[in-house]
Amino acid sequence: QVPVVESGGGSVEAGESLRLSCTIRRDLPFRMYNMGWFREAPGTGREMVACIKENGGRKIYGDSMKGRATISKDNTKKTLYLQMNNLKPEDTAVYYCAADLLLGVSDDSCEGHGSSHWGRGTQVTVAS
């Protein structure tokens, strides 16, 4: 069973909104994980969009969607969300959910490591 599954991607017009969702395999400790969203556009590397501490007490946003994206984590429903508003064509990418991330202590870094769990991604396409 795939450890991480994203949903909610699709094709929208510029200015519209989308909400991505992410669930993880039942045997994994969702409540204990720092989690996040990353994206990758054709010809570019993977970019951090937003990350959240396991209890939701800290959120980190990448520059590209700061002010337009909101990450949230529902430990009861075991679901991670990414609300994206005012989407732009440059937001077109495959969006990946990840669990068990490292959040920087003295900076706003958010990174995976060898034991992190990654989804297969969901495509978001924004037309101008």
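Since we're looking at a predicted model, the values are computed, not measured.
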Donor-acceptor pair between Gln83 and Ser72 side chains, under 3.5 angstrom: no
If I take atom CG from residue Asn34 and atom CG from residue Leu80, how far apart are they, to the nearest 0.5 angstrom? 11.0 Å
Cation-pi between Lys53 and Tyr33: NZ/CZ under 6.0 Å from ring centre and within 45° of the ring axis? no
Could you give the distance from CE (Met48) to CE (Met65), rounded to the nearest 0.5 Å? 12.5 Å
Could you measure the distance from the OG atom of Ser109 to the CD1 atom of Ile60? Nearest 0.5 Å is fine. 6.5 Å
Set out, in order, the CA-CA distance, both residues' side-chain angles and the distance that settles side chain to side chain contact (heavy atoms under 4.5 Å, CB included) for Asn75 and Phe30, then state yes or no. CA-CA 7 Å; Asn75 284 335; Phe30 184 90; 3.2 Å; yes
With salt bridge (Lys or Arg N to Asp or Glu O under 4.0 Å) as the rule and sequence neighbours excluded, what pairs involving residues 106-128 come up? Arg58-Asp108
Applying side chain to side chain contact (heavy atoms under 4.5 Å, CB included) to Leu82 and Trp37, what does each step give before you reach the verdict? CA-CA 7 Å; Leu82 182 70; Trp37 291 95; 3.4 Å; yes
Inspect the surroundings of NZ in Lys77 and state if more than 12 heavy atoms from other residues, nucleotides or ligands are less than 6.0 Å away. no
Tell me which pairs pass salt bridge (Lys or Arg N to Asp or Glu O under 4.0 Å) where either residue lies in residues 82-103, with sequence neighbours left out. Arg39-Asp91, Arg68-Asp91
With disulfide bond (SG atoms under 2.5 Å apart) as the rule and sequence neighbours excluded, what pairs involving residues 2-65 come up? Cys22-Cys97, Cys51-Cys110
Please report the interatomic distance CZ(Phe38) to OH(Tyr96), rounded to the nearest 0.5 Å. 12.5 Å
Beyond-backbone contact of Arg19 with Tyr81, side-chain heavy atoms, under 4.5 angstrom: yes
d(Glu54 CD, Leu103 CG) to nearest 0.5 Å is 8.0 Å
Let me confirm one number: the NE2-CE distance from His117 to Met35, rounded to the nearest 0.5 Å. 9.5 Å
Following the transitive rule for hydrophobic clusters with a side-chain heavy-atom cut-off under 4.5 Å over Ile, Leu, Val, Met, Phe, Trp and Tyr, establish whether Leu87 and Val49 coincide in one cluster. yes
Determine yes or no for a side-chain-to-main-chain donor-acceptor pair under 3.5 angstrom, with Thr125 supplying the side chain and Ser11 the backbone. no
Is any side-chain heavy atom of Tyr95 closer than 4.5 Å to one of Leu20? yes
Using side chain to side chain contact (heavy atoms under 4.5 Å, CB included), reason through Val124 and Met84 one step at a time and then give a plain yes or no. CA-CA 11 Å; Val124 172; Met84 302 185 292; 4.1 Å; yes
Consider only side-chain heavy atoms of I, L, V, M, F, W and Y, link residues closer than 4.5 Å, and tell whether Val4 and Leu28 are in one cluster. yes
Candidate pair Glu16 and Leu18, rule side chain to side chain contact (heavy atoms under 4.5 Å, CB included), full reasoning: CA-CA 7 Å; Glu16 293 184 340; Leu18 275 177; over 6 Å; no
Got Val126 and Glu13 here, is their nearest side-chain heavy-atom distance under 4.5 Å? no
